[in-house]
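Naming: A, B, ... by sequence-line order, numbering from 1 per chain.
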Amino acid sequence: MCHQARMEYVLQVHGVVRRRPEGTDNPEMSTGTIDVVADRVEILNASKVPPFLINRDENIDELRRMQYRYLDLRRPNMQQNMILRHRTVKFLRDFLDGQGFIEIETPILFKTTPEGARDFLVPSRLQPGKFYALPQSPQQLKQLLMVAGYEKYFQVARCFRDEDLRGDRQPEFTQLDMELSFVEREDVMRLMEAMVLALCENVVPHMPLKYKPLRRLTYTEAMEAYGSDKPDLRYDLEAVDVTDIAGRSAFPIFQQNAEAGKPIKVVRAPGLHVRRDDPAQILSGEGLKRQMKELEDLVRTVGAKGLAYMALPLDETGEVKGPIGKYFTVEQKLALFERTGAQPGDILMFLSDKRETVWAAVDKLRRSLAETLNLADPNQLAFAWIIDFPMFYWDEENQRWDPSQHMFTMPMPEDIPLLDTDPGKARGSQYDLICNGYEIGGGSIRIHDRSLQEKMFPLIGQSMEHAREQFGHMLEAFEYGVPPHGGMAWGVDRLVMLFAQVDNIREVTAFPKTQSGLDVMAHAPSAAEPGQLEELYIRLAPLPEKGETAAP
RNA sequence: GGGGACGUGGUGUAGCGGUUAACAUGCCACCCUGUCAAGGUGGAGAUCGCGGGUUCAAAUCCCGUCGUUCCCGCCA
């Protein structure tokens, strides 16, 4: 009987558990000190030969893993991830419960929201020709719960956004959604910070926090130093502004850019000019060029036109390498080295373009260099707050202001007058929680004053009629005594991803979708039966031909 | 919508102009077995994602296409 049993069979064994005989213990195994002396063994269920090995840690093609997700989820790594996720959510629920929050479910079938991401639509049978939308988040509903007097609300909420997928973005994902009444920004941040610290201590005690209490950066500080509103703060690699020095060099592009008000920034890559296999030598000219070409290609992907550099020698007397060294006087070089803290063997990389492009390039460079130079400790958690976001970004295409979070975000009280004079300068009461290069959560104090709320619509290019159509229920509710309120939402998938030390949320999602939005196990989405469509009064338009642009 | 990487027995990889397409593991058979991802012997298993082209000759080079994935756009 035992001989018939194979891997993945489900067995029932009757017998006596006993201590293993002398000398047969195996300390490598969790059951290494015991035996079962079986008197009866029954095969409850046989198994086909699985398409991949369950009990081994191999790099199985992810498509295969998703096709047989129920087998993939048997693997120890995935089980640990699922348990970690459970423990995380359980801790957060318990914590909030202990703080007097109550969990309230909000509808999945709700109303389309005009701003933000693309909605998933669900056709209504009872209301032919009309559609529900799946919620992008419970934002409106939780504010209405504040109107309703539930002063501390939370929900582990599924959210839906029909946008292109990324490693950290699935079309459906989970938020820990929270809202509180009678709070100011500091109240929310203090509570959330306490929750982060307690969570990490309990769920991932082996992962040290870099900042306790959490570091705070303004949006502007983060962008100028790191080029991102969610920088990975486990390492430095700060961009340094050298517009004054480099703008006075003889390098024409820097001169022109400095004059045009475009910044010139330097990212210093420590020791990048040094051979990795022999720290006593610098890279060959060839090796240096190859490395810089790679990095230049990288920054080009975000619109930078090039990447100038100076590679420093190992001895103090040597000359810098790189195409722009000759345009700088000795004094200018010394000033650069002083400003950037340059050391022998470093490479200084220069980025100059319009501000946003420099930011994007700095972000790319930092992430890439951190990997090359192995600067990010996978065990460390660098949680931090980003605050003082601008209320609006200018939307060049539509010639209007776009809310940087959403249209219910309260401006910083002292910036309210700026809404009339200079909206671009107004800061929101928003706060983002970031960690290791990801946005983990975001929130704000909301507008609870109807007249202020009505001021927002024209600013973002919406007529009052349109606003009433879309948000009439909100505006009306706001006429019935709204407490000041604010809240936050955390991305549970990303949080668990960091805890599990993996680099995409599919690893912590039981049944994820591929980048093209497919469930390759169940084959969703799938065609609807004609009868189903008929019931919904839906007729399909002709589908675009696939591959019609084919050449020979 | 655009760009990059990848696609070779069941699985993971090697091969990158001419090889009977290699290795590991899994699978099948037999043997052995109280140190456990057991061991031994033997065996089956890949028209190299698909289509076209270049070439005397293509897994290998080129073009297209499909799929996965990373990035830009999009998304907070």
Side-chain angles (χ1 to χ4, degrees), chain A residues 2-3 6-8 20-35 37 48-68 71-72 75-76 113 115-119 136-137 139 159-171 173 175 219 228-230 294 297-304 357 360-361 363-364 367-368 371 386 389 393 397 402-406 409 428 430-434 438-444 488-491 494 503-504 506 512-518 520 544-552:
Chain A
C2 289
H3 292 283
R6 311 217 57 89
M7 247 185 304
E8 305 307 320
R20 284 194 183 196
E22 194 73 26
T24 61
D25 281 7
N26 185 349
E28 310 263 303
M29 295 173 71
S30 58
T31 58
T33 58
I34 55 159
D35 260 347
V37 183
K48 292 211 293 188
V49 176
F52 49 82
L53 289 177
I54 311 286
N55 59 357
R56 191 172 317 184
D57 231 347
E58 263 184 320
N59 272 359
I60 304 145
D61 183 58
E62 217 186 328
L63 181 65
R64 198 74 47 195
R65 291 176 55 201
M66 287 194 273
Q67 273 166 348
Y68 297 93
L71 298 180
D72 190 41
R75 294 165 57 232
T113 41
E115 301 301 317
R118 192 177 293 112
D119 285 316
Q136 297 179 22
S137 79
Q139 181 62 35
C159 307
F160 306 87
R161 291 174 193 171
D162 188 6
E163 296 292 347
D164 286 3
L165 283 70
R166 285 290 153 77
D168 62 346
R169 275 163 35 191
Q170 283 272 308
F173 59 99
Q175 280 188 349
Y219 172 84
S228 167
D229 61 357
K230 44 180 186 291
E294 237 170 73
D297 288 345
L298 181 73
V299 297
R300 280 183 198 279
T301 66
V302 289
T357 305
D363 186 31
K364 280 279 176 205
R367 287 171 194 264
S368 167
E371 202 181 330
I386 307 292
F389 281 77
Y393 300 126
E397 200 178 321
D402 246 10
S404 78
Q405 198 198 15
H406 49 64
T409 300
Q430 184 186 345
Y431 31 84
D432 275 12
L433 179 68
I434 62 158
Y438 292 91
E439 183 196 329
I440 292 303
S444 63
M488 186 161 182
W490 290 13
R494 288 179 189 170
D503 58 9
N504 71 72
R506 298 185 299 276
K513 292 177 179 58
T514 69
Q515 193 165 49
S516 53
L518 296 174
V520 288
E545 291 276 331
K546 271 202 170 178
E548 60 191 340
T549 54

Side chains of [X] and [Y], heavy atoms from C-beta outward: is any pair under 4.5 Å?
X	Y	value
A/D35	A/P21	yes
A/F173	A/R161	yes
A/R64	A/F52	yes
A/R65	A/R75	yes

Roughly how many Å apart are [M] and [N], using the [atom1] atom of each and rounding to a whole number?
N	M	atom1	answer
B/rC6	B/rG17	P	15 Å
B/rG3	B/rA21	C1'	33 Å
B/rG64	B/rG4	P	10 Å
B/rC62	B/rU54	C1'	7 Å
B/rU55	B/rC63	C1'	16 Å
B/rG34	B/rA29	P	22 Å
B/rC23	B/rC32	C1'	26 Å
B/rA37	B/rG42	C1'	22 Å

Indicate, with a heavy-atom threshold strictly under 4.0 Å, whether [X] touches base, sugar-phosphate, or nothing.
X	result
A/G116	sugar-phosphate
A/R161	sugar-phosphate
A/D297	nothing
A/G32	nothing
A/L165	nothing
A/Y438	nothing
A/S137	nothing
A/M29	base

Among [options], the one nearest [X] by side-chain distance:
X	options	value
A/P21	B/rU68, B/rC70, B/rG34	B/rG34
A/D164	B/rC70, B/rU68, B/rG1	B/rG1
A/A117	B/rC75, B/rC28, B/rG26	B/rC75
A/M66	B/rC72, B/rU69, B/rC75	B/rU69
A/R166	B/rC71, B/rU68, B/rC75	B/rC71

So does [X] get a side-chain nitrogen or oxygen closer than 4.0 Å to the phosphate oxygens (OP1/OP2) of [N]?
X	N	result
A/T514	B/rG67	no
A/K48	B/rC27	no
A/R494	B/rC75	no
A/R506	B/rC70	yes

Could you give the [atom1]-to-[atom2] distance, from [X] to [N], as a whole number of Å?
X	N	atom1	atom2	result
A/R6	B/rA38	CZ	P	11 Å
A/E294	B/rC71	CD	P	17 Å
A/Q515	B/rC74	CD	P	16 Å
A/L298	B/rG3	CG	P	18 Å
A/R65	B/rU69	CZ	P	11 Å
A/E371	B/rC71	CD	C1'	13 Å
A/N504	B/rC70	CG	C1'	11 Å
A/D229	B/rC75	CG	C1'	13 Å

Taking for A/Q430 and for A/D25 the nucleotide of RNA chain B with the nearest heavy atom, the one nearer the 5' end belongs to A/D25
Result for 5'-nearest mapping on RNA chain B, choosing between A/T301 and A/S516, is A/S516
For the pair A/Y393 and A/Y219, name the ring-plane relationship: parallel under 30°, tilted 30 to 60°, perpendicular over 60°.
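Tilted: the ring planes of A/Y393 and A/Y219 meet at 30° to 60°.
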How close do A/S368 and A/L298 get, counting heavy atoms only, and between which atoms?
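Nearest heavy atoms, A/S368 then A/L298: CB-CD2, 3.4 Å.
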- Message: For A/T409 versus A/G428, what's the shortest heavy-atom pair and its separation?
- Response: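 Closest approach of A/T409 to A/G428, heavy atoms only: CG2-CA, 4.5 Å.
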Only pairs with both distances under 3.5 Å count, Watson-Crick or wobble alike; so what is the partner of [N] in this structure?
N	value
B/rA29	B/rU41
B/rA22	B/rU13
B/rC61	B/rG53
B/rC6	B/rG67

query = Which is it for A/I386 and A/K230 under the side-chain contact (heavy atoms from CB on, under 4.5 Å) test, yes or no, and what are the steps along the way?
reply = CA-CA 8 Å; A/I386 307 292; A/K230 44 180 186 291; over 6 Å; no
Per-nucleotide protein contact along nucleotides 5-14 of chain B, 5' to 3', at a 4.0 Å heavy-atom cut-off (B base, S sugar-phosphate only, - neither), is -----SSS--
key: Euclidean distance, A/D229 CG relative to A/F389 CZ, rounded to 0.5 Å   =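 Separation between the atoms: 5.0 Å.
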- Message: Any salt bridge linking A/E163 with A/R169? Criterion: basic side-chain nitrogen under 4.0 Å from a carboxylate oxygen.
- Response: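 No salt bridge links A/E163 with A/R169.
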Sequence neighbours excluded, the answer for salt bridge (charged side-chain N to carboxylate O under 4.0 Å, His left out) partners of A/E294 is none
Margin query: I'd like to know if A/R300 reaches the base of B/rC72 with its side chain such that a donor and an acceptor end up less than 3.5 angstrom apart.
Written below: no
